[in-house]
Student: 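My questions all concern the structure below.
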Amino acid sequence: MEKYDKYLALILCCIAWLITILLPKTILVHNKMIFVIMGLGFCLYFYLSFRKEGYSVNKICEFIFVGSFLVRLFYIWSTPYNISPHDLGKIVFGSTITGGHLGYIGYLLYYHHLPSFNPLDVWGFYNPPLYHIISALWLKFNLLLKADWQLAVNNLRILTLFYITLSVTIFGKLLDEFKITGYAKLVIFTLFAFFPSLIWLSGTLSSDSLVFLIMLLILFQTIKWYNNKTFKNIIILAFIFGFGMLVKLQIAFLILGIVYIILASILHVLRFDNQKAILYVKQGLLFATISFPLDCFWGLRNFILYKIPLTYVPALGVNSEQYIGVTSFWNRLGLPALKQLPYAQVKYQPLLDCNIWLTMFRTALFDEGNIIKFTSKTSECLGIILLYITILTVVFMAGCSLFIFYKRCFSVPKQLNYLLIFMGLSLFLSYIRFCFAYPHVCTMNFRYIAFLFCLPCLGAGMYFTKEQSKGYLFKVFTGTVVVESLLGVILYIHYCWLL
């Protein structure tokens with residue numbers, strides 16, 4: 001399978017889609033049996049492959065990649081498409097205009113053009129349209145193949161599954177770019193591939209999964225341009241960034257890292273090679289020329305036609321059950337209170353959900369609403385254990401990242417490490433500002449900053465690669481990652497199995 005690794009995400013998602021198209025009733029009734037058969041089939045394939053070719057880190061990572069894909073696939077096969085709590089709305093094929101992400105997709109499917117009215121007149125239509133355009137085209141394709149309406153709508157989640165699966169592929173490439181090798185690569189890749197956020201993002205019909213993918217692509221392509229400063233690479237980066245802005249304006253916060261890496265490259269050669277400096281300036285200007293019109297298209301269109309502010313965000317208001325503006329600054333940004341600790345999920349109670357850190361981690365694992373339900377005290381206890389193991393793991397990885405910067409023991413040029421800092425800080429600070437500007441539980445959701453999870457993972461990977469992955473600390477970290485990954489998989493599979 002190694003020669004197909006480049007296209008493995010696409011191949012797996014195509015297989016999943018074909019099964020749902022060809023065997024829709026079987027999937028509906030016997031999804032558990034098909035999941036088990038597929039799992040055993042892949043295990044058998046890798047067992048025979050390991051016997052024939054031996055074990056290697058890359059081969060085991062491939063096994064983990066497929067295993068994590070199967071978990072996410074089982075989740076979307078087992079849960080309804082409307083499980084998402086995030087502005088989903090409903091879809092009606094016809095001239096009726098409904099709100100939410102599904103309503104937006106339905107409008108584009110029927111009318112074949114962008115909204116010809118003020119987007120604020122219909123709930124959810126203020127969002128940039130690219131995610132919804134792609135979804136409408138995919139929905140149309142499924143309908144052309146004579147899929148029934150429910151099946152075609154449910155197959156929209158094959159797209160979100162593909163976005164997340166491809167994100168795992170890109171993260172694996174980032175590990176290689178940052179020279180993370182050996183068992184350090186294996187452990188970090190396992191943590192990322194089985195992280196619960198990637199399970200529920202695969203089944204959530206919103207632009208968050210595509211934003212997650214595009215942010216990883218921007219980071220990867222920025223590094224690729226830094227290592228090989230060609231016009232081709234800067235053009236690809238410009239289009240990724242520009243089209244990303246047509247998915248969600250949140251992409252804009254990564255521009256600080258891109259500007260830094262371009263300026264750092266220019267200043268580095270300015271002293272001894274003016275020609276190269278001029279070349280890099282031209283490439284930077286080309287990036288701006290290509291990306292700027294795409295960046296500004298949706299915002300300027302709505303501002304010119306309907307006077308909608310460029311950074312418009314709808315607010316829920318002070319009467320919402322999610323409103324937490326009455327809590328103090330330190331309750332929100334300080335350490336959580338003791339009474340907030342014994343809960344794994346968001347409760348929509350101001351005094352329990354006001355702490356940004358705790359809500360961020362809760363939603364990272366279990367999102368909001370009914371993404372996953374604890375069916376017993378045991379499963380709820382396991383959820384709480386998973387929550388605090390995850391918090392400790394992320395804090396530890398952040399510490400490893402700080403150690404790398406403090407000791408300046410970089411495995412790649414320091415500019416690439418500073419790139420991570422600029423991208424991470426700009427996105428994180430914007431998230432904190434967003435939480436205070438719109439003091440509601442939903443604004444603290446991890447989905448807005450899911451990209452940030454890859455940064456401490458990369459820092460810990462570099463740290464343990466430098467440490468040769470042989471110490472006691474690495475063994476403890478490995479055990480923690482194994483327990484965390486198993487707990488997440490067990491909780492989600494158990495929930496899906498009972499549906």
Side-chain angles (χ1 to χ4, degrees), residues 31-33 35-36 39 67-68 70-80 82-86 190-191 193-204 321-322 324 327 331-332 334-396 440-442 444-447 450 453 476-499:
N31 55 10
K32 301 179 184 68
M33 180 184 70
F35 169 70
V36 171
S68 65
L70 289 176
V71 173
R72 294 190 292 273
L73 177 63
F74 185 51
Y75 179 76
I76 70 168
W77 273 353
S78 303
T79 56
N82 59 355
I83 195 171
S84 168
H86 305 300
T190 301
L191 175 64
F194 285 111
F195 196 62
S197 295
L198 273 61
I199 299 176
W200 59 258
L201 277 173
S202 297
T204 302
E321 66 173 354
Q322 297 194 37
I324 51 176
T327 54
N331 281 341
R332 298 206 61 198
L335 293 174
L338 289 176
K339 62 184 176 183
Q340 297 173 333
L341 299 182
Y343 302 99
Q345 290 180 296
V346 167
K347 298 292 184 181
Y348 292 126
Q349 297 179 26
L351 295 179
L352 295 180
D353 298 323
C354 63
N355 188 264
I356 289 175
W357 310 110
L358 200 52
T359 303
M360 179 180 70
F361 280 105
R362 281 171 175 163
T363 54
L365 299 178
F366 307 117
D367 196 23
E368 302 172 50
N370 295 322
I371 287 292
I372 181 174
K373 291 180 180 178
F374 296 130
T375 55
S376 65
K377 287 289 184 182
T378 301
S379 61
E380 188 169 4
C381 286
L382 290 177
I384 294 171
I385 292 170
L386 175 60
L387 173 64
Y388 292 107
I389 288 178
T390 301
I391 292 173
L392 291 174
T393 302
V394 172
V395 170
F396 174 74
H440 296 86
V441 174
C442 61
M444 297 183 285
N445 197 295
F446 180 77
R447 66 194 178 100
F453 180 65
V476 173
F477 178 69
T478 301
T480 304
V481 168
V482 170
V483 171
E484 180 181 344
S485 300
L486 284 175
L487 273 178
V489 169
I490 289 169
L491 282 171
Y492 272 89
I493 288 183
H494 177 258
Y495 169 67
C496 293
W497 203 271
L498 296 178
L499 292 177

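Since this is a predicted model, take the numbers as computed values, not measurements.
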Student: Check salt bridge (Lys or Arg N to Asp or Glu O under 4.0 Å) between Arg447 and all other residues, then give those that pass, not counting sequence neighbours.
Tutor: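 Applying salt bridge (Lys or Arg N to Asp or Glu O under 4.0 Å) to Arg447 gives Asp208.
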Student: Roughly how far, to the nearest 0.5 Å, is OG of Ser202 from CD1 of Ile76?
Tutor: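 Ile76 atom CD1 to Ser202 atom OG measures 7.0 Å (nearest 0.5 Å).
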Student: Enter the distance from Phe194:CZ to Arg72:CZ here, rounded to the nearest 0.5 Å.
Tutor: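 Result: 8.5 Å between the selected atoms.
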Student: Indicate yes or no: at least one non-hydrogen side-chain atom of Ile199 is less than 4.5 angstrom from one of Phe74.
Tutor: no
Student: I need the minimum non-hydrogen distance between Ala344 and Ile384, along with the two atoms involved.
Tutor: CB-N, 3.7 Å
Student: If you round to the nearest 0.5 Å, how far is OG1 of Thr190 from CG of Leu486?
Tutor: 10.0 Å
Student: Taking Thr359 for the side chain and Ile356 for the main chain, is one N or O donor matched with an acceptor at less than 3.5 Å?
Tutor: no
Student: To the nearest 0.5 Å, what is the distance between CG on Leu387 and CG on Leu392?
Tutor: 9.5 Å
Student: Grab the two heavy atoms, one from Leu386 and one from Pro196, that are nearest each other, plus how far apart they are.
Tutor: CD2-CG, 4.3 Å
Student: Applying ring-ring contact (aromatic ring centres under 6.0 Å, His included), name anything that partners Phe453, two or more places apart in sequence or on another chain.
Tutor: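 By the ring-ring contact (aromatic ring centres under 6.0 Å, His included) rule, Phe453 matches Phe195.
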Student: Which heavy atom of Ala450 sits nearest to which heavy atom of Leu201, and what is that distance?
Tutor: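 Scanning both residues, the minimum pair turns out to be CB-CD1, 4.4 Å.
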Student: Listing request: all salt bridge (charged side-chain N to carboxylate O under 4.0 Å, His left out) pairs with a residue in residues 360-389, at least two apart in sequence or in separate chains.
Tutor: Asp353-Arg362
Student: Looking at CD of Gln340 and CG of Asn355, how far apart are the two atoms once the value is rounded to the nearest 0.5 Å?
Tutor: 5.5 Å
Student: Does Ser376 have any side-chain hydrogen bond (donor to acceptor under 3.5 Å, both in side chains) partners at least two apart in sequence or in another chain, and if so, which?
Tutor: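 Testing Ser376 for side-chain hydrogen bond (donor to acceptor under 3.5 Å, both in side chains), a comparison that skips the adjacent residues, returns Ser379.
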Student: Mind checking ring-ring contact (aromatic ring centres under 6.0 Å, His included) for Tyr348 and listing every partner two or more places apart, or none if nothing turns up?
Tutor: none
Student: Run the side-chain donor-acceptor check on residues 490-499: report pairs under 3.5 Å with partners two or more places apart or on a different chain.
Tutor:
| residue | atom | partner | partner atom | Å |
| --- | --- | --- | --- | --- |
| Tyr492 | OH | Leu365 | O | 2.6 |

Student: If you draw a 6.0 Å radius around CG in Leu341, do more than 12 non-hydrogen atoms from other residues or ligands fall strictly inside?
Tutor: yes
Student: For residues Leu358 and Tyr388, report the shortest heavy-atom separation together with the two atoms involved.
Tutor: CD1-OH, 4.2 Å
Student: Do side-chain atoms of Trp200 reach the backbone of Ser84 as a donor and acceptor pair under 3.5 angstrom?
Tutor: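 Pair absent, no side-chain N/O of Trp200 close to backbone of Ser84.
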Student: Which residues pass the side chain to side chain contact (heavy atoms under 4.5 Å, CB included) test with Val476, sequence neighbours left out?
Tutor: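 Residues passing side chain to side chain contact (heavy atoms under 4.5 Å, CB included) with Val476: Tyr472, Thr480.
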Student: Locate the shortest heavy-atom distance separating Met444 from Ile324; write the atom from each residue and the value.
Tutor: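 The answer is CE-CD1, 3.3 Å.
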Student: Identify, with sequence neighbours excluded, every residue that meets ring-ring contact (aromatic ring centres under 6.0 Å, His included) alongside His86.
Tutor: none
Student: Tell me which pairs pass salt bridge (charged side-chain N to carboxylate O under 4.0 Å, His left out) where either residue lies in residues 484-499, with sequence neighbours left out.
Tutor: none
Student: What closest approach, in Å, do Phe35 and Val71 show between heavy atoms, and which atom pair accounts for it?
Tutor: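 Closest pair (atom of Phe35, atom of Val71, distance): CE1-N, 4.3 Å.
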Student: Kindly compute the distance separating NE2 (His440) from CD (Glu321), expressed to the nearest 0.5 Å.
Tutor: 10.5 Å
Student: Considering residues at least two apart in sequence or located in another chain, which fulfil the side-chain hydrogen bond (donor to acceptor under 3.5 Å, both in side chains) criterion with Asn331?
Tutor: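 With neighbours one apart ignored, the set is Ser328.
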Student: Kindly write out the residues that satisfy side chain to side chain contact (heavy atoms under 4.5 Å, CB included) with Gln345, not counting sequence neighbours, or none if the list is empty.
Tutor: Phe366, Ile372, Phe374
Student: Please identify which of these residues, Ile389, Thr393, Val395, Val394, meets the side-chain contact (heavy atoms from CB on, under 4.5 Å) condition with Ile391.
Tutor: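 Of the listed options, the one satisfying the test is Val395.
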Student: Who are the side-chain hydrogen bond (donor to acceptor under 3.5 Å, both in side chains) partners of Thr79, not counting sequence neighbours?
Tutor: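 Thr79 satisfies side-chain hydrogen bond (donor to acceptor under 3.5 Å, both in side chains) with Arg157 once adjacent residues are dropped.
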